[in-house]
*Asks:* 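I have a structure I would like to understand better, so I am pasting it below and will then ask my questions one at a time.
Just follow the structure's listing: the first ligand is 1, and inside any ligand the first atom is 1.
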Amino acid sequence: EFELVLQRSGLTLTVPPDKSIFEVCRAAGVSVVGSCLEGVCGTCETEIIEGEVDHRDSILNDEEKESNEFLMICVSRCREDRLTLDL
Ligand code: FES
C-alpha cells in the first residue's frame with residue numbers, strides 16, 4: 001500500500017494493494033474520469049507531481065514512462081511510500 005496525496009484537492013488517501021488509484025479517488029468523492037480502467041484508452045491520464053511511478057498501462061512508451069510526468073491512474077501504482085498527483 002502507499003500514501004496518495006492529491007495536491008489540488010488537499011487530500012491524503014491510502015491506496016491498498018487490491019484497489020487502484022482511480023477507485024480510491026472515486027470512493028473519496030474526487031472527480032476523476034476513466035473509461036477502459038485497463039490502461040489502454042488514456043482517458044484517466046493524470047499529472048505526477050512527486051513520486052516514483054510503477055507504470056502498468058499499455059499507452060505510454062518507455063521514454064514517457066521514464067520521464068515520470070504522467071500516469072494512468074486506473075492501473076499504475078507507486079514504487080515508493082508516497083505519490084503526489086495533480087488532482
Ligand atoms: Fe483507460 Fe485508465 S481508464 S487508461
*Asks:* Other hydrophobic cluster members with V5, side-chain heavy atoms of Ile/Leu/Val/Met/Phe/Trp/Tyr under 4.5 Å, chained?
*Replies:*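 Grouped by the 4.5 Å side-chain rule, V5 forms a cluster of one, so the answer is none.
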
*Asks:* Kindly state each residue pair satisfying side-chain hydrogen bond (donor to acceptor under 3.5 Å, both in side chains) with at least one member in residues 51-71, sequence neighbours excluded.
*Replies:*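 Qualifying pairs, neighbours excluded: D54-R56.
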
*Asks:* Test: side-chain hydrogen bond (donor to acceptor under 3.5 Å, both in side chains). Region: residues 76-85. Which pairs qualify, not counting sequence neighbours?
*Replies:*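 Found E3-R82.
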
*Asks:* Please give me the protein atoms (N, O or S only) lying under 2.8 Å from atom 2 (Fe) of ligand 1, ordered by chain and number.
*Replies:*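 As for protein N, O or S atoms lying under 2.8 Å from atom 2 (Fe) of ligand 1, they are C44 SG, C74 SG.
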
*Asks:* Less than 4.5 Å apart, side chain to side chain, heavy atoms only: is that true for V24 and T14?
*Replies:*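 Contact flag for V24/T14 side chains = no.
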
*Asks:* Specify the closest pair of heavy atoms between C44 and T46, including all atoms of both residues, with the distance to one decimal.
*Replies:*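 Of all heavy-atom pairs spanning C44 and T46, the closest is O-OG1, 2.9 Å.
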
*Asks:* Between C36 and C41, what is the shortest heavy-atom contact and its length?
*Replies:*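 In this case the closest contact between C36 and C41 is SG-N, 3.4 Å.
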
